[in-house]
Amino acid sequence: MAVPRRTSRTRYVLLVLVLTAATIMTLAYRGHANAVIDKAKSGARDAFAPVGRVVADAFRPVGNFFRGAVDYGSVKAENARLRKQLGDLRRQHLEQADQRRQLADLLRLQGLPFAEAIPKVTAEVVYLSTSNFQLTVEIDRGSAAGLRAGMPAVAGAGLIGRVVQVARDRSTVLLLTDPSSSVGVRAPNGVVAVATGQGANRVLRVDYLAPGTPLQKGDVFVTSGTEGSIYPPGIPVGDVATAVQRPDSLQEDVTLSPLVDFSQLQYVDVLKWSAGP
Amino acid sequence: MTAVGRARMSLVIVGALVLQLAFLGWFRVQGVHPDVMVLLAVVAGMVGGPDRGAIVGFVVGLVTDLFLQTPFGLSALTFCLVGYAVGLVQGGVLRTSWWLSVATAAAASAAAEILYALLGGIVGQSQMISDRLWLIAGVVGAANAVLAVPAERAVRWAMELSTSRARVGAVGRWR
């Protein structure tokens, strides 16, 4: 007779836990418990920060070794590609130095917004997301450094995402490649579209790009910065990986390769910029 | 579970969280990393039975949710269901062996990732259901199989159960 009692009690425990979880999710979804949840999340991040930092610093070389071993083939190929790219960029840098000086002069004269003019906070990536369904990184700066949710984050050659959660000394950055992340982009000819993440190690999908937009592989898309955009204009997002015009389609099928290697992120700059009202 | 057991289990959960965030997150295959948090729920069900599996899964899930942007409570719901289901399945096994634990951890972890995505889809996170789901389930299942034995030892220690391999099945422990 003991078995049925245990089964009954077990089912009761499960029912209570499922109902509790469903209630929490409902409260969070409706926004009734957001303040409490945000406070709990911030508290947990700040409490975890010191020990997490020590362990992450201690084990990062091991992780780097593992990544190097797993990705050896692609790292070697990428190294060769980057060497060539570096040579090309050096040449272009020399060619464009004068043009950049002229552009800077014009922007200064016109008072136009420019990403380099936005104050920024440099932060180090301390760890990655615990979930495989969400592409985020945790950085070691938070509200104490003036960061707020919604601020854009950049690294290396371009945009990496935006701050979505801020604790006192920690912030979470949602990466561009996360499937829930979208950014308004502008093609080289000025046409506006939307780039959406498709998961780790994948290209960004461009939607709503007018058919007939002339594109070549390698063309760089930048943030559109249209009114109400959550990103300032002109930040490089990605370069064209594929561009196909289908006869029966209302939009061009375009994908972008992000300009930043998200698996190698170590330092990021958070732009102290927020969208207008 | 006694007060000592609860303290030990808290220690194991915090240790697993530190391991996940600061260490395992960097071990990625095709962008997918092991998920030791879901493994805790699985192993709790394996060694403690369905109700302990559900309770530990719920707590582990809630702790995990504190560090995620996905709907708060989604991990708690998924992990408690997984802990319960593994406990039920394992309860019907009269004798266990190390390979059965490893196989259960692999299958249950993979199933947990799929369940997580499906429940996420139900609550409006449709982007979680994609063709990457199979890759995530496969990599997490394989990685968690490797971690299953140490995780089982840790949870057995926390639940103040014998860590000996020469043990009877879950039914024998509970009666």
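Lettering of chains follows the sequences in order, A, B, ..., and the numbering in each one begins at 1. Just so it is clear, the model here is predicted, and its values are computed rather than measured.
In this structure, chain A has no heavy atom under 4.5 Å from any part of B:S130. Of the two parts of B:M128, the backbone and the side chain both hold a non-hydrogen atom closer than 4.5 Å to a non-hydrogen atom of chain A. Looking at A:E138, neither its backbone nor its side chain comes within 4.5 Å of chain B, counting heavy atoms on both sides. Using a 4.5 Å cut-off between heavy atoms, A:V126 touches chain B through its backbone atoms (N, CA, C, O) alone. For a residue to count as touching a neighbouring chain, one of its non-hydrogen atoms must lie under 4.5 Å from one of that chain's; by this rule A:A28 touches chain B with the side chain only. At a 4.5 Å heavy-atom cutoff, B:V36 makes no contact with chain A through either its backbone or its side chain. Contact of A:V18 with chain B is made through backbone and side chain together, with heavy-atom distances under 4.5 Å. Residue contact with chain B, scored on non-hydrogen atoms closer than 4.5 Å, involves the backbone and the side chain of A:S131 alike.
From B:D65, atom CG reaches atom CD1 of A:I24 across 8.5 Å, with rounding to the nearest 0.5 Å. Atoms CZ and CG, on B:F72 and A:D38 in that order, are 10.0 Å from each other to the nearest 0.5 Å. How far OH of B:Y84 is from CG of A:L15: 10.0 Å, rounded to the nearest 0.5 Å. Here the CG-CG distance, from A:L128 to B:L24, works out to 11.0 Å after rounding to the nearest 0.5 Å. Here the CZ atom belonging to B:F67 is positioned 10.5 Å from the NZ atom belonging to A:K41, to the nearest 0.5 angstrom. Put simply, CZ on A:R202 and CG on B:D131 are 4.0 Å apart, with the number rounded to the nearest 0.5 Å.
Residue with the most contacts toward chain B among A:A22, A:G197, A:G43, A:S180: A:S180 (heavy-atom pairs, distance under 4.5 Å). Listed options A:Y12, A:Y29, A:F48 were ranked by heavy-atom pairs under 4.5 angstrom with chain B; first place goes to A:F48. When each of B:P71, B:G83, B:C80, B:A76 is checked for heavy-atom pairs under 4.5 Å with chain A, B:C80 comes out on top. Your options are B:L68, B:I136, B:L17, B:L74, and the one with the most heavy-atom pairs under 4.5 Å with chain A is B:L68. The choice from B:Q125, B:E113, B:M37 that makes the most heavy-atom pairs within less than 4.5 Å of chain A is B:E113.
Of all heavy-atom pairs between B:V123 and A:M25, the closest is CG1-CE, 3.3 Å. Closest heavy-atom contact between B:G31 and A:N201: N-ND2, 3.3 Å. Heavy-atom minimum distance, B:R28 versus A:S129: NH2-O, 3.9 Å. Here the closest non-hydrogen pair linking A:A200 and B:R132 is O-NH1, 3.3 Å.
In this structure a side-chain-to-backbone donor-acceptor pair under 3.5 Å is present from A:Q134 to B:Q69. Between the side chain of B:D51 and the backbone N or O of A:L14 there is no donor-acceptor pair closer than 3.5 Å.
Ring pair A:F133/B:Y116 is tilted by interplanar angle, where 30° to 60° counts as tilted.
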